[in-house]
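Have a look at the structure below before the remarks.
Each chain gets a letter, A, B and so on, in the order the sequences are listed, and its residues count up from 1.
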Amino acid sequence: MTPVVEVVDVTREYVLGGGRGVDAAVVRALRGVTFRVDPGEFVAIVGPSGSGKSTLLHLLGALDRPTSGQLRFSGRDVAELDDTDLAALRNREIGFVFQQFQLLARTSALANVGLPLVYRSSGRAERRERAAAALAAVGLSHRLGHRPSQLSGGEQQRVAIARALVTQPRLLLADEPTGNLDSQTGADIMRLLRGLNVDAGVALVVITHDPEVAALAPRQIRIRDGLLEPSTVGAERA
Amino acid sequence: MNLAEAGRVAITAIGANRLRSALTVLGVVIGVMSVVLLVAVGTGARNEVTAGVEDLGSNLLLVVPGSFDFGQAPTLSKFSLDDVERVRRELGGAVSVSGNLASGETVRAGSVSAFASVLGVTAEFDSVVNREVGRGEFLSESDVATGRRVAVLGSSAAEALFPATDPIGKTVTIAGLRFRVVGVLDELGAALGVDRDSQVLMPITAAQRLFGTRRVDTIFVKAGSAADLDAVSQRLQGVLAERLDPEEFSVLSQQEILGVAGQILDTLTLVLAAIAGISLLVGGIGVSNIMLVSVQERTREIGLRKALGARTRDITSQFLVEAIVLCGVGGLIGIGVGVGLAAVATTFTPLPAAVTGWSVGLAFGVSVGVGVLFGTFPARRAGRLDPVVALRYE
């Protein structure tokens with residue numbers, strides 16, 4: 001079975017200080033990370049701030065490229081893809097759920113959810129139909145015309161989840177999905193994500209520093225100082 | 001993202017910041033309005049001059065001092081009444097000839113006074129330049145021969161000086177000398193704000209004495225028909241060259257005057273359009289500025305769209321379409337206001353503005369072009385944003 005995403009000895013370095021000066025400092029955010037996520041898996045990536053968690057998230061989201069090592073989505077190495085291919089890959093294979101929801105203001109829930117389909121040239125009718133179905137799947141059929149400002153935090157995150165699902169991705173990438181929610185609503189959101197993971201068979205990667213959230217995942221990967229903790233990667237089936 | 005979708009996004013974005021969009025568009029509105037209006041004024045002036053020259057008739061030749069060319073400084077006339085006489089004699093019965101001498105003077109009738117252009121003319125002037133006498137009669141040959149102090153008034157000069165009475169037989173005073181009014185001309189109408197009916201005509205001999213000169217400014221020659229014009233022009237130049245240097249006079253037909261006048265007025269129109277174009281350019285810079293602010297403000301939106309699969313060119317075209325819609329809307333409003341103001345100018349001022357199709361088309365085309373030109377830089381900047389950086393932008 002082809003892994004959804006495969007990370008092989010990946011490093012990511014940033015050059016600070018504008019990159020031109022002699023004083024430019026190199027930050028090694030990831031120093032050789034290897035793991036894979038299989039279809040339908042639920043993985044939590046846990047680590048304190050500054051651990052390289054965000055960098056890893058950006059790589060798993062195909063928003064960024066590794067400095068060295070291989071990053072493969074469904075077997076395709078991102079080194080062989082140009083920016084346009086990466087955009088298409090994000091559109092087709094990855095669904096994002098952000099801590100800040102990242103919904104467009106002044107835009108209905110339905111239009112927010114249909115947004116990814118705009119970038120694959122779906123017709124308006126098809127977009128509306130699929131967006132409505134995705135909103136139904138997260139229990140918001142009664143909120144299609146509402147704008148983000150008219151929705152509660154939990155409802156906004158559900159809209160964001162519907163938007164991530166509408167393209168039927170292979171990988172659902174959630175960055176601190178409960179970070180802006182109270183614990184009860186957070187638990188509901190995690191239940192929803194878990195349900196989608198099980199029912200729709202979409203691989204779910206949750207990045208969090210919340211141990212309670214992490215504990216829901218069958219597999220946890222701990223990251224610290226740009227490296228994965230060996231004990232957690234040990235869970236990897238060879 | 002297709003064009004219709006980009007248009008919808010643009011309209012949403014423009015609508016979200018109504019006041020700012022309106023102020024941005026204002027610059028383009030003013031620019032386009034200026035182009036339409038100023039070109040209309042220039043074209044209107046050209047039409048007026050053309051009509052004025054055509055009023056003189058197509059079989060008229062003018063002899064003017066110096067060489068008549070665009071950019072040529074005016075030259076003092078070396079013509080005399082002898083030249084007029086010689087032309088009349090040599091060219092014979094096929095043509096009628098009139099000389100004139102002009103000056104602006106204050107004309108008085110009792111306690112009323114008016115400023116008028118005083119023209120000294122020969123007795124054939126009315127028939128040569130197609131003027132009709134409404135009341136009384138025109139100057140006679142003997143008036144001119146003897147330098148009699150008589151005058152024929154333009155219709156508005158007559159109205160100004162004699163508002164309540166019949167001017168025929170009354171007296172007007174010009175520079176201390178008294179002239180008896182023998183006739184009033186029919187109304188001609190104003191051209192370019194110049195009242196052509198405020199003239200006062202008198203025998204050229206009397207005018208020469210009044211102004212203390214032997215000079216004649218212009219010689220008018222009317223050929224029997226337009227077909228004779230070339231032949232008459234040839235003979236006329238021959239007669240004048242007997243006494244004058246070729247540089248001291250020019251023989252012009254209506255077509256030549258129209259050509260030179262048209263050249264001057266086309267240049268005027270072009271200069272006006274160029275000035276208006278500068279304001280359009282400034283409007284475009286305003287659009288560019290606001291688009292940059294808009295890109296900055298929507299950095300996170302751009303990051304999100306990229307995360308959801310927008311390609312660089314999707315983002316670029318989104319912002320480019322927004323700039324074009326802004327400028328296009330501004331262009332349409334500007335055309336509307338420009339056409340409206342042109343109509344107002346025609347109604348309430350002596351400047352008849354003529355809106356031309358090409359200026360409207362050009363103004364709209366340029367405003368959309370301004371959108372493309374000044375939208376490209378902000379749009380490309382938006383398209384090139386790194387999604388990682390853009391998503392974290394606060």
Side-chain angles (χ1 to χ4, degrees), chain A residues 12 14 29 54-65 81-108 111-124 127 147-148 160 162-167 169 173 175, chain B residues 1-22 293-322 325-326 379-394:
Chain A
R12 183 69 177 93
Y14 298 101
S54 293
T55 304
L56 191 55
L57 166 82
H58 294 140
L59 289 171
L60 291 176
L63 293 164
D64 197 7
R65 297 165 186 273
L81 304 175
D82 65 16
D83 286 353
T84 304
D85 297 330
L86 274 192
L89 186 141
R90 289 195 292 270
N91 187 256
R92 301 202 167 268
E93 300 202 0
I94 301 164
F96 287 94
V97 176
F98 303 94
Q99 181 178 358
Q100 310 284 352
F101 319 141
Q102 303 275 24
L103 300 174
L104 295 186
R106 291 184 290 269
T107 307
S108 70
N112 262 299
V113 173
L115 192 57
L117 300 176
V118 167
Y119 298 112
R120 57 166 71 175
S121 307
S122 305
R124 289 186 89 185
R127 241 157 51 208
R147 294 172 177 211
R163 181 180 63 194
L165 282 175
V166 77
T167 57
L173 202 55
D175 179 19
Chain B
M1 177 147 65
N2 63 25
L3 218 58
E5 188 63 35
R8 267 193 292 277
V9 172
I11 288 161
T12 309
I14 290 166
N17 267 304
R18 277 190 203 84
L19 179 63
R20 193 170 76 190
S21 303
V293 171
S294 180
V295 168
Q296 181 96 4
E297 267 184 1
R298 279 154 50 199
T299 299
R300 257 157 63 117
E301 178 192 325
I302 293 164
L304 172 73
R305 285 177 182 272
K306 284 200 155 185
L308 299 183
R311 294 159 298 182
T312 300
R313 72 176 129 110
D314 291 321
I315 300 295
T316 305
S317 62
Q318 177 190 329
F319 282 90
L320 195 55
V321 166
E322 190 175 322
V325 168
L326 268 180
R380 287 176 62 100
R381 207 160 137 145
R384 280 201 302 260
L385 279 174
D386 179 349
V388 170
V389 176
L391 268 173
R392 284 192 297 196
Y393 184 83
E394 295 296 330

**Q.** Segment of R124(A) engaging chain B (4.5 angstrom heavy-atom cut-off)
**A.**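 Contact with chain B is through the side chain of R124(A) alone.
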Q: Look at P116(A), A164(A), S122(A) and state which one has the largest set of heavy-atom pairs under 4.5 Å with chain B.
A: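 Counting heavy-atom pairs under 4.5 Å, the top option is P116(A).
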How close do [X] and [Y] get, heavy atom to heavy atom, and via which atoms?
X: L308(B); Y: N91(A); value: O-ND2, 2.7 Å
X: L115(A); Y: L304(B); value: CD2-CD2, 4.5 Å
X: A307(B); Y: F98(A); value: CB-CZ, 4.2 Å
X: A310(B); Y: A87(A); value: O-CB, 3.7 Å
X: R106(A); Y: A16(B); value: NE-CB, 3.1 Å

Q) Between atom CG of L86(A) and atom CZ of R311(B), what is the distance when rounded to the nearest 0.5 Å? A)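 If I round to the nearest 0.5 Å, the distance is 13.0 Å.
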Q) From H58(A) NE2 over to R392(B) CZ, what is the distance, rounded to the nearest 0.5 angstrom? A)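 Here the interatomic distance stands at 5.0 Å.
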Q: For the residue pair Q318(B) and V118(A), establish whether any side-chain heavy-atom pair is separated by less than 4.5 Å.
A: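 No, their side chains stay 4.5 Å or more apart.
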(Q) Quick check on R298(B) against chain A: is it the side chain, the backbone, both or neither that has a heavy atom closer than 4.5 Å? (A)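 Neither part, no heavy atoms under 4.5 Å.
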Q: Report the residue from K306(B), E5(B), R305(B) that forms a side-chain hydrogen bond (donor to acceptor under 3.5 Å, both in side chains) with Y119(A).
A: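 In the set K306(B), E5(B), R305(B), the residue that makes a side-chain hydrogen bond (donor to acceptor under 3.5 Å, both in side chains) with Y119(A) is R305(B).
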Count the heavy atoms of every other residue, nucleotide or ligand shown that sit under 6.0 Å from [atom1] of [X], and state whether that count exceeds 12.
X: R380(B); atom1: CZ; value: no
X: R65(A); atom1: CZ; value: yes
X: R8(B); atom1: CZ; value: yes

Q: For each of T12(B), T312(B), L391(B), tally heavy-atom pairs with chain A at distances under 4.5 Å, and name the one with the top tally.
A: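 Most heavy-atom pairs under 4.5 Å with chain A: L391(B).
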